[in-house]
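Worksheet: the structure to be examined is printed underneath.
Note that the structure is a prediction, hence the values are computed from the model and not measured.
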Amino acid sequence: MSPNFSNLQIGFVVPPTSLRTTIKRVFKSINGLSEKDVIGPNDIAKQKYDIVLVDEAHRLKMRKNLSSYSFYDQACKQIGLDTSATQLDWILKQSKCAIIFYDKKQIVYPQGLRIDNLISNDITDTRSTSFYTLTSQMRCLGGLPYLEDIDKLLNNKLNSKVRTDEYELFIVENFNNFEGILFEKEEKFGLSRMIAGYAWEWKSKNHKESFDISLDGLKRKWNSTLDNWVNSKNAINEIGCIHSIQGYDLNYGFVIIGNDLKYDPDKKKVCIDRNSYFDKYGKNNTTDEELEEYIKNIYYVLLTRGIKGTYLYVCDENLRNYMCQFIEIYNNKTSSVGYSSQSDYGLLQVAERSPKYE
């Protein structure tokens, strides 16, 4: 006999604002579910729950590098905890059972929860706790070998080509072509988006007419919204930052690696450039070692969004040369030539693709 959950108070916590908006829409369209079931971390202070499921738990926060502290402090007071408590503490205090999905490789800022916060705190010490490791994934066609190799690539541990048996992975050297291939993939498969590390100032946030990113003579803007950006009307013409894409799946990810990530040929090491990283809440009060972890985690997330494939445009020449040892260059044999701009959208012709997914 299946258990009866109808009388239980169950909440689904989704920390990223953008993803939460999308999942609310999904829940609204499913019989028996409600968009009210999907909540943010601050909502957990409003009531007690029997069961709470937390997706993207690495996006839960501590009281550090926040854009506003008042809501955080208010939630702590409402729950009866002091301000040293984390959002995980809120969830454990307000629920009888919490199921938490967490990936330490996806911590992208200083306020993110560390693994120590999960393993040891006053609340988990007083209740039964079990830990399970998920050893497979069903999203990216590259599978675990691809994920492992991307992690090694970013951390100078890869000794052979990235394993891509059923996956499209290419470096595109010209941004003009890079943009054109994006439009072609969007037309054929849909859900293809350009995403990037936070290596440019967000000028268009306050000046709508401004462009944020200029590459090879082409200009683009950051995502104009955080709420459900992936499915927003103008997303194909914008570049999504980490905060607009984490937790989402794409058919194809077109990843720009900015000058916040470079390669030092003397040290033979992938390194970061603090001055080229512009997320102030992501780098304030961090050591260089901490910031390196966050920036590399950001690119790990970006490079693993695509289900069918990932295309890279790498700004730093030394980093591009380093990565070309492990990733094939998209050339005239695998791409069409002469993409000029979105004005050609709908007229794009590709002689060969590698491989095809129908």
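Residues K296 and E292 are paired through a salt bridge, judged by an N-O separation under 4.0 Å between the basic side chain and the carboxylate.
The aromatic rings of Y322 and F326 stand perpendicular to each other, their planes meeting at an angle above 60°, with 30° marking the opposite boundary. Taking the six-membered ring where tryptophan is involved, the planes of W222 and Y198 are tilted, since the angle between them lies from 30° to 60°.
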Derivation of the side chain to side chain contact (heavy atoms under 4.5 Å, CB included) call for N321 and Y263: CA-CA 9 Å; N321 292 337; Y263 184 80; over 6 Å; no
Working note: I307 + F189, criterion side chain to side chain contact (heavy atoms under 4.5 Å, CB included); need CA distance, chi angles, decisive distance, verdict. CA-CA 11 Å; I307 298 172; F189 299 100; over 6 Å; no
Given the rule in the side chain to side chain contact (heavy atoms under 4.5 Å, CB included) test, do R25 and T21 qualify, once you have shown the distances and angles that lead to the verdict? CA-CA 7 Å; R25 294 181 180 181; T21 301; 4.3 Å; yes
Stepwise side chain to side chain donor-acceptor pair (under 3.5 Å) check, T22 with N228: CA-CA 5 Å; T22 303; N228 196 33; 2.5 Å; yes
Could you walk me through whether T286 and Y294 pass the side chain to side chain contact (heavy atoms under 4.5 Å, CB included) check? CA-CA 10 Å; T286 61; Y294 303 141; 3.9 Å; yes
Given side chain to side chain donor-acceptor pair (under 3.5 Å), test E168 with Y311 step by step and report yes or no. CA-CA 8 Å; E168 292 181 44; Y311 289 75; 2.4 Å; yes
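The 12-atom threshold is not exceeded at NZ of K36, counting heavy atoms of other residues, nucleotides or ligands nearer than 6.0 Å. Enclosure of atom NZ in K269 by more than 12 non-hydrogen atoms of other residues, nucleotides or ligands within 6.0 angstrom is indicated.
Pairing each heavy atom of Q87 with each of R59, the nearest pair is OE1-O, 4.5 Å. Taking each heavy atom of S210 and S204 in turn, the nearest pair found is O-CB, 3.4 Å. V52 approaches S95 most closely through the heavy-atom pair CG2-CB, 3.6 Å. Nearest heavy atoms, L66 versus Y281: O-CE2, 3.9 Å. Residues G306 and C140 come closest through the heavy atom pair O-SG, 3.8 Å. The minimum heavy-atom distance linking A45 with Q94 is given by the pair O-NE2, 3.7 Å.
For F254 and F178, the distance between ring centers is under 6.0 angstrom. The six-membered or imidazole ring of Y69 lies away from that of Y72, with a centre-to-centre distance of 6.0 Å or more. The ring of F27 has its center closer than 6.0 angstrom to the ring center of F12.
Here E289 pairs with T287 under the side chain to side chain contact (heavy atoms under 4.5 Å, CB included) rule; sequence neighbours left out. R320 meets the side chain to side chain contact (heavy atoms under 4.5 Å, CB included) test with I171, E173, V314, E317, C324; sequence neighbours excluded.
Using modelled atom types, one finds no donor on one side chain facing an acceptor on the other under 3.5 Å when comparing H58 with N297. Residues T310 and Y167 bring a donor and an acceptor atom of their side chains to less than 3.5 Å of each other.
Contact annotation: the side chain of D37 never approaches that of I10 to less than 4.5 Å [non-hydrogen atoms, C-beta and beyond]. The shortest distance between side-chain heavy atoms of S232 and N234 does not fall below 4.5 Å. In this structure, the side chains of I257 and D316 stay at 4.5 Å or more apart for every pair of heavy atoms.
Listed by first and then second residue, the salt bridge (charged side-chain N to carboxylate O under 4.0 Å, His left out) pairs involving residues 204-227 are E179-R220 (not counting sequence neighbours).
Across N177, L215, N174, V255, a single residue satisfies side-chain contact (heavy atoms from CB on, under 4.5 Å) together with Y313, and that is L215.
Here CG of D273 is found 7.0 Å from CG of N259. Values are rounded to the nearest 0.5 Å.
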